Amino acid sequence: MTSPFFVGTTNEPRKTSLPESLDPEKMPEHIAIIMDGNGRWARLKKLPRAMGHRAGVDSLKKTLRFCSNWKIKVLTVYAFSTENWSRPKEEVNFLMKLFESVLKKEIEFLNVEGVCINFLGDLDQLPKRLQGLIKEAINLTKDNKGICFNVCTNYGGRRELVIAAQKLAKRAVKGELDPALIDENVFEKELLTSNFVDPDLLIRTSGEQRISNFLLWQLAYAEIHITDVLWPDFNENSLIKALIDYQSRTRRFGGVDQISSQQI
Ligand code: FPP
């Protein structure tokens, strides 16, 4: 069965092997992406912003396909932040409709490909029809063993932390939890990402150098790759470049690498 998700509008042949420039032993397990620059891409092409978002969906499809082929375990993308409601009403409505139509069109194919889809964020504030589709999609794909694809929708890192703190406080008030026993492990279990390892690599497109309230807890030790490429132009080469950059880093997690420790 040919899946439009994995072939999409690109008509590229399906290449599943890892590019030779990448070391299979040093691949990240979890990649997080701030997909930025749809609007600027559209403006440069003298197109409406909506066209930038549509083109952004194509980039996302391709990126998911590459990550799945290259056996990345988790891909988490920032689709709509808690702050994005302040955009013009027409743009917000367009984005909600776009999420609905993409989900409707792609979910069967994602399922066939073994993708397990999740939506992270305050989903109650989304349009009811979108909420319904999200529930169906999560339910349909929950036992799949392929890549976990997390779509952060109405997501804010600060809000996630506040909600986690509220849940712990409620348990403490009920006498179910001793506040002295709240440590990082206990806290982490209340986060929306509790089933996943933290991102190893954060990619942000369009050159902005900030994390914009994305995965504030989870990105503590992520390697950050910022590219000037606008999200709709992000392609296989851009992803390979990000991965080569990631593989060139020495991850110390606050410690020292072996060579430095021998010098003391
Ligand atoms: C940022 O570009 C992009 C967004 C706020 C929306 C991202 C959404 C998609 C790519 C569609 C995803 C679809 C699904 C189903 C997950 P911007 O508008 O902030 O660009 P600008 O900074 O250049 O104005």
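Start at 1 with the first residue, then count along the sequence. Note that this is a predicted model, so its numbers are computed, not measured. In listed order, ligands and their atoms are each counted from 1.
Residue pairs meeting the ring pair (Phe, Tyr, Trp, His ring centres under 6.0 Å) criterion with at least one member in residues 16-42: none, sequence neighbours excluded. Sorted by first and then second residue, the pairs that involve residues 197-216 and meet salt bridge (charged side-chain N to carboxylate O under 4.0 Å, His left out), not counting sequence neighbours, are D36-R204, R40-E208, D200-R251, E208-R210.
Between the CZ atom of F214 and the CD1 atom of I33 there is a distance of 8.5 Å, given to the nearest 0.5 Å. Atom CG in L239 sits 7.5 Å away from atom CD1 in I72 (nearest 0.5 Å).
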Nitrogen or oxygen contacts under 3.5 Å, ligand 1 side and protein side:
residue, atom, partner, partner atom, Å
ligand 1, 2 (O), G37, N, 3.4
ligand 1, 2 (O), N38, N, 3.3
ligand 1, 18 (O), R49, NH2, 2.9
ligand 1, 18 (O), R87, NH1, 2.8
ligand 1, 19 (O), D36, OD1, 3.3
ligand 1, 19 (O), R87, NH2, 2.7
ligand 1, 20 (O), G37, N, 3.4
ligand 1, 20 (O), N38, N, 3.1
ligand 1, 20 (O), G39, N, 3.0
ligand 1, 22 (O), D36, OD1, 3.1
ligand 1, 22 (O), R40, NH2, 2.8
ligand 1, 23 (O), G39, N, 3.3
ligand 1, 23 (O), R40, N, 2.7
ligand 1, 23 (O), R40, NE, 2.8
ligand 1, 24 (O), R49, NH1, 3.1
ligand 1, 24 (O), R49, NH2, 3.2

Problem set entry | Pair Q125-N154, side-chain hydrogen bond (donor to acceptor under 3.5 Å, both in side chains): steps then yes or no | CA-CA 8 Å; Q125 287 176 359; N154 193 24; 3.0 Å; yes

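Y155 is linked by a side-chain hydrogen bond (donor to acceptor under 3.5 Å, both in side chains) to E160, counting only residues two or more places apart in sequence or in another chain.
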